[in-house]
Amino acid sequence: MTHKKDSELVHLGRRKAWTGGAVNPPVYHASTILFDTVEELRNAYKAPHETMAYGRRGTPTTFALAEALAKLEGGAGAVIYPSGLAAVTTAILSFVAAGDHMLMIDTVYEPTRTFCDQMLSKFGVEVEYFDPLIGGDIAALIRDNTSVVFVESPGSVTMEVADVPAIVKAAHDAGSLVLMDNTWATPLYFEALGHGVDVSIHALTKYVVGHSDAMLGAAIANDRAITRLRAHSGHIGQCAGPDDIYLGLRGLRTLSVRLARHQQSALEIAAWLKERDEVARVLHPALPDCPGHELWKRDFHGASGLFSIILKHDDKDAETAFLEGMTHFKMGFSWGGFESLVMAYRGIKNCRTATRWHAEGTVIRLHVGLEDVDDLKADLDAAFARYRAAL
Ligand SMILES: *Cc1c(COP(=O)(O)O)cnc(C)c1O
């Protein structure tokens, strides 16, 4: 993390025209925007991403967050969506058409996979999955009609780190666009656009909102992709509510300090877990057991608080004993908030088709929150005691 980004996090998006002189922009609840002259109305529609035209196109609350995110990742602009999944699906729909072929990473977030299999197939878009460790060999899979290559790195739950620059090079050589789900690293720990990605997608619900109290998404695009992304997102009618956007802006200001703490605590717990007898492998991009660890070292500025472990056994009762009775690691979907979370994954085999998943035992995913690290270790230590007793 550079000092420059810390300063940017404080200042970005705070144009006086949008804040009115307060530190933060107001939360605009608006549908109709009123114009005094015909010229004023026409001008608003020339740039509805930074001038109020109609509520659905955004207000200064929206513009401030979009501009902050776009600048943070070096993009030409950003579009805000009502959830991370809406950002993923609308970005994809903006760049594919019937008859196209899309290459999708095999370790993608499961609902993205479901969208591809259940929805894109209906629209005549062929989706082919690829090995997350494929690197530049992806060139062999790219066809004349491959419009989009979609990556997510690290992989969902299993944490494989992809060679994004090599995939980008192969895709661009063939004239395809690269979309990336960059939620895990946030704009601070992986510069997707800097590595050549055309559209960087974030579930802001996670670390940017950071407090488990709002659903929000964003897609940040380069010059090549922004016009189409904005237009097509508008055609679909995507817009997020101003209160949630405000929570995204508020969270963004403290993202760096929160992430640093998530990173530090997660690394300490990952190292501690590596020494446990019950654990076969720790899948944390900053540790050598994680596939693609070298690529993480080369390309990322840091690691967030989400990683997985593989237990030595595959025992349902012991797994239940592990999960139930936690003090700090609560069971629930999502992550990126201030609180620690735990989740067990049994169905990984069923959501991989280009690769095979054959791990030793149960996969447990942990989100390390902002609690005291010793408290978190004690919580896990007690969980392992329950686990052993149930084996
Ligand atoms: C959570 C998540 C999403 C979806 O975000 P929502 O805001 O829950 O819709 C997309 N991608 C990744 C990697 C996620 O973790």
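Start at 1 and go down the list; that is how both ligands and their atoms are numbered. Numbering starts at 1 and runs along the sequence shown.
- Here Trp335 has side-chain heavy atoms under 4.0 Å from ligand 1, and that is the only part of it that gets that close.
- Under the 30°/60° scheme for interplanar angles, the aromatic rings of Phe322 and Phe384 are found to stand perpendicular.
- Counting heavy atoms under 4.0 Å from ligand 1, residue Leu85 touches it through both backbone and side chain.
- Close N/O approach between Ala203 and ligand 1 is not found [any backbone or side-chain N/O within under 3.5 Å].
- Between atom OH of residue Tyr207 and atom CG of residue Leu252 there is a gap of 15.0 Å, rounded to the nearest 0.5 Å.
- Counting the atoms of ligand 1 from 1 in the order shown, those under 4.0 Å from a heavy atom of Glu152 are 13 (C).
- Aromatic pair His211/Phe338: centroids less than 6.0 angstrom apart.
- Taking the centre of each ring, Tyr189 and Trp184 stay at or above the 6.0 Å mark.
- Among all protein heavy atoms, the one lying closest to atom 3 (C) of ligand 1 is Tyr109 CE2, 3.2 Å.
- In terms of protein heavy-atom proximity, atom 7 (O) of ligand 1 is nearest to Thr205 OG1, 2.5 Å.
- Outside the 6.0 Å centre-distance limit, the rings of His367 and Phe307 are not counted as a close aromatic pair.
- Atom NZ of Lys169 sits in a sparse spot, with 12 or fewer heavy atoms from other residues, nucleotides or ligands closer than 6.0 Å.
- Atom 8 (O) of ligand 1 has its closest protein heavy atom at Met215 CE, 3.4 Å.
- For atom 6 (P) of ligand 1, the nearest non-hydrogen atom of the protein is Gly84 N, 3.4 Å.
- Nearest to atom 2 (C) of ligand 1 among the protein's heavy atoms is Lys206 NZ, 2.4 Å.
- Between Thr146 and Asp100 there is no side-chain heavy-atom pair separated by less than 4.5 Å.
- For ligand 1, the polar-atom distance check against Asp181 finds a nitrogen or oxygen pair separated by under 3.5 Å.
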